[in-house]
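Shown next, in structure tokens, is the structure this report addresses.
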2 protein chains.
Amino acid sequence: MLPRVNSAAIRRLNMVRVFHALRENPRCAQRDLSRLTGLDKATTSAIVAQMVEEGLVERSEAPRARRIGRPETALGIAPSAGLLVGARLEPGTIRIVSTTLAGAVVEQSQIPGSTDLATALRHLHEGIDAVVAASRPEGGAAPPPLRGIGIGIPALMDRAGRLVLAPNLGWRDTPIRPLLEEALGAPVHVDNDTKAAAMAERLFGACRGVEDFVYLTGHSGVGGGLFLGGRLYRGAQGFAGEIGHLTVVPGGRPCGCGKRGCLETYVSETSILAQAGERGRALPDLWAAAAAARDGDPVVRALLEAAGSHLGVALSHMVNLTNPELVVLGGNLSIVAEFVLPTLNAALDEHALEPLRRDLRLVVSPLGPDAVPMGGIALAMDGFLSVPGPIL
Amino acid sequence: MLPRVNSAAIRRLNMVRVFHALRENPRCAQRDLSRLTGLDKATTSAIVAQMVEEGLVERSEAPRARRIGRPETALGIAPSAGLLVGARLEPGTIRIVSTTLAGAVVEQSQIPGSTDLATALRHLHEGIDAVVAASRPEGGAAPPPLRGIGIGIPALMDRAGRLVLAPNLGWRDTPIRPLLEEALGAPVHVDNDTKAAAMAERLFGACRGVEDFVYLTGHSGVGGGLFLGGRLYRGAQGFAGEIGHLTVVPGGRPCGCGKRGCLETYVSETSILAQAGERGRALPDLWAAAAAARDGDPVVRALLEAAGSHLGVALSHMVNLTNPELVVLGGNLSIVAEFVLPTLNAALDEHALEPLRRDLRLVVSPLGPDAVPMGGIALAMDGFLSVPGPIL
DNA sequence: CCCATTTGTTAGACCGTCTATCTAATTCGC
DNA sequence: GCGAATTAGATAGACGGTCTAACAAATGGG
């Protein structure tokens, strides 16, 4: 059933608009918010008053003088209004970050991960408690209340937010969200790590204000996050964006999915290192691969160029089908971007339609490996803005 | 700037909900509309009253008796409330259809097309006038007022609705919408024929209520319409869905786009007939090809099977990337569907990810070649429902 | 010191939906 | 036949939005 549309829904929608306008334009005045959201200044005044009342927004004491007329009072999301926590859960490590409700980073930490569910959940729980405890303001007062937690996991999640399969962690049909919500006592949002990272790029990174973009990343596999028409696109079952299993070499290298020639058998960190090993180059990670390439190792260079070429073919399919404005190379792909980009661009030139190719921008993620935990923040922010009723 | 969200916007949104609920459930009662839309029955009463006032909805005279209690009064979109016109503009022919505001077909016609802009516009104008004149109710009264016109064209349209390029018609940067709107005196909506057809499948065909689907068609090229997240997806420039230019055979047959091995060099009507000709089978159209295949012609069968296989590869890319619930084979592809489907399905089995493939449904369009003009109806309906203010 | 200028607030009109009640039209039970 | 039960639909009032228009507040310039 569709949600009811009534006065309360209007207020919520407009309040969220004001929130994001203020988040993206810190210390701006009510007048600016009015112009940014398109709402009347009277309406803006009422909404801001309510947000101040609830403690979500604070007015600056020092008025900013303009050339003439009454000076503006700068507004801001109150740091004391609450805390968001984002996490990246991987087999080896767990990264945790806490931010204000506006998304400004407060604390970070990194702790060991585990493929054992109970152990991983315990580490996560303890790590979050520690980060929240460390996120107290300077005066030594109590930390702001925890408003939401978002977690990016290398897993297939269905549309209901259930974990279906996490091959690297060895988990299947694990009710991770209820488990965590019970343990942590705050709203928990779990999503695929790549989709979370795409959300982060949209809210905090290279894609602010971009309606249609593709986020690419490569760790054990190659993932794609599709942001289409101003929102994260999930598909019918929640599995959209699986670029890693496009066939790029018919009859090529065997893939864990049972098929052959999948993109991720050529482009993921795992497969690049495996191929290097087959050719007598034992490399621990992609940083080593980038270093070797920088030193002029022809074998590693050829591998990375081939990876770029294959990625470019798959990406050209993506571009022809979805006509994005921007493509972001994120995650581990950003480490080797400089060696991958030339052949990637050439493949795009060759296989993408000219008008789509011409206006396509391709950037390396500014968030880099922090994109996933910041994606958790994005999930949590989205969640706490979506709760009906007054925000706090 | 985002549209303002206020009382008027709510009413419009809820009225459109009621409209579609009534369109999809003809002769239902107010109580049913209330349940279908989730609105309170008081609200439904007010909205229906307004729509009756405006002449958009009519109440049935004969009450429908139920087991007990006051009988329902059946409601319906008034046929006299207005007329929509949809058209398909092709170089050789123009098909025109008129419907009620609910989308029930009233009249149809087919007239000659032209690649000369002025001639085509004149034919279109005269044809629409004739269809409108023929759409008068039985009593001989004046035809209902023309509320909107939608036209599907084999052309690249940008996001602002401007015609960028129509290779088959030989048009480029043609301001067709302003020209027609001035001539016809009603709101005109022009869109790519495949996208229009996808809209038709969603409103009237196989995809009613489906949020994520892919519509495929093949005439001179192969087009794809993406319906994602409950709305037609256009992409950053408006060119999304260009499945016809996915590379399926590296270094394969040369394509009009300048590349090689594009899908549409193997699957479109034009290319299938050309390939048959190269092999000594002169066929006038795909019906002839289907007939030959039905008679057991091995050359034609092999061609169609190869087409299915290539289409399946491209479609598996689409499926892996967008995870649709449903794929619709429309347009000319539906003519040869029975010979294409076996290899198409096999290619999907081979190249699409198993969980995505398992839940994917694949159907042949029930609208067939009428999808494009009915897509014009869908565009016109969408347009007249989007005008702010009271609907009529 | 007065006035123009700009920001922000407030009063009231206007228009939505929702709750609660009422009216209308039928069937069921006697 | 006739009243009670039942269901569909209408209506009144509460409530809560946004918008217009006027007002209050705070500054610079003459």
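Quick note on labels: first sequence line is chain A, next is B, and so on, each numbered from 1. What you see is a predicted model, and the numbers here were worked out from it, not measured in a lab.
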So which atom in Gly235(B) and which in Ala240(B) form the shortest heavy-atom distance, rounded to 0.1 Å? N-CB, 3.8 Å
Leu13(A) CG to dG17(D) P: how many Å, rounded? 13 Å
Nucleotide dG8(C), atom P - distance to CD1 of Ile47(A) in whole Å: 15 Å
Residue-phosphate contact under 4.0 Å: Asn6(B) side-chain N/O, dC15(C) OP1/OP2: no
To the nearest Å, give me how far apart CD1 (Ile68(B)) and P (dT6(D)) are. 6 Å
Quick one, give me the B/S/- string for nucleotides 9-16 of chain D, reading 5' to 3', where B means a protein heavy atom under 4.0 Å from the base and S means that only happens at the primed atoms, P, OP1 or OP2. BBB----B
Minimum heavy-atom separation for Glu58(B) to Pro79(B), with atom names? OE2-CD, 3.4 Å
Considering the options Tyr215(A), Phe213(A), Tyr233(A), which one meets the ring-ring contact (aromatic ring centres under 6.0 Å, His included) requirement together with Phe227(A)? Phe213(A)
Whole-Å distance between dC15(C) C1' and Arg4(B) CZ? 15 Å
Check each of Arg23(A), Arg17(A), Glu24(A) against His20(A) using the side-chain hydrogen bond (donor to acceptor under 3.5 Å, both in side chains) test, and report the only one that passes. Arg23(A)
Nearest heavy-atom contact between Leu33(A) and Cys28(A) is CD2-SG, 3.5 Å
Donor-acceptor contacts, no H, no angles, side chain residues 137-146 of chain B, under 3.5 Å, sequence neighbours left out:
none

